[in-house]
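One-based numbering, in listed order, for ligands and for the atoms of each.
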Amino acid sequence: MRAALYEPENTQPIAHQRVQTHTEESGVYERLEALIESIWPDNGKVEAIGMASPGPLDPYTGYILKTPNISEWVNFPVGPKLSEHFHVPAFLDNDANLAALGEWKFGAGRGHHHVLYLTISTGVGGGVITYDRLLQGYHGLATELGHTIVDPDGPPCSCGFAGHLEAFSSGPAIVKYVLQELEAGAKSEMVRDESLTARVIADAAIHGDALAISAYRRAGEYLGIAVANFLAAFDPSIVIFGGGVSQVGSLLFDSFEASLKKRVFHPRYLEGLKIEMAALGDDAGLLGALALAQISIKA
Ligand SMILES: [Zn+2]
């Protein structure tokens, strides 16, 4: 967990601290509270708290519905608890939505009014800015883009449903595909054990391993199918990619772009469309939380 104290409109924090979350132990909320206290200004005025959290959550009430990694947070009122303890309004949304908001306000999406953000790493997360507003939806559950269906007969997703984008294009999905192909007898320099990661597969692909190359091509192919759907739904002027898996460059993006071009239902969607890498790196969540707090207290 990281906490930072900002002045309005300045993206350089005045104070910044981090602690281990220790999700396997109880007391996660107490550690969060102590972390915020450690950067709280002695006599300065704090206007609001913004928080990027794993979801699913309800941004309108500040409740975490249930989050896979923190078992004690089920219907957990983290927003109301922070607000009561620190006597300021507290606003939250999930980390992918806030990375999208951060990139729009401070990063690669600056100047764009319609932004699609995707993070490809252990999971696949998404966020959308439309008419300069973060799209949150009726329940606050909009743009769970990793859990959209790209093949109803596809492999199981981490969420339990079948054929979601995350089940094809996330790091673990790429690893799982390679393991299955190795088991089925595919020829490769890679070995079938726990040391196999998306990074190891990327290195093998760079050295010409055909199975490794096909694993990333497949991930890019399905990513293209998904983004063709997202263009039809949101019609952005920029698509921003964050997350570790998206750092592999043409290995993923050549097949992604070919797949997208083949599937987008009208070429007009691609006119002037920018496809760029995220600019904020590890700070996307903090800066997105800053942007959310700024926007929410003005609203
Ligand atoms: Zn899913």
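In this structure, the side chain to side chain donor-acceptor pair (under 3.5 Å) partners of T143, at least two apart in sequence or on a different chain, are N97.
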- request: Decide ring pair (Phe, Tyr, Trp, His ring centres under 6.0 Å) for Y131 and H114; before the verdict, give the C-alpha distance in whole Å, the side-chain angles of both, and the deciding distance to 0.1 Å.
  value: CA-CA 6 Å; Y131 295 104; H114 302 276; 4.7 Å; yes

Donor-acceptor list for residues 273-288 side chains, cut-off 3.5 Å, not counting sequence neighbours:
from	atom 1	to	atom 2	distance (Å)
D283	OD1	R2	NH2	2.6

Hey, can you pull the donor-acceptor pairs under 3.5 Å for the side chains in residues 75-83, sequence neighbours left out?
from	atom 1	to	atom 2	distance (Å)
S83	OG	V88	O	2.8

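In this structure, E189 places its CD atom where only 12 or fewer heavy-atom neighbours from other residues, nucleotides or ligands lie under 6.0 Å away.
Once rounded to the nearest 0.5 Å, the distance linking CZ of R18 with CE of M1 reads 12.0 Å.
Among protein atoms, those of element N, O or S found less than 2.8 Å away from the Zn ion (ligand 1) are H147 ND1, C157 SG, C159 SG, H164 ND1.
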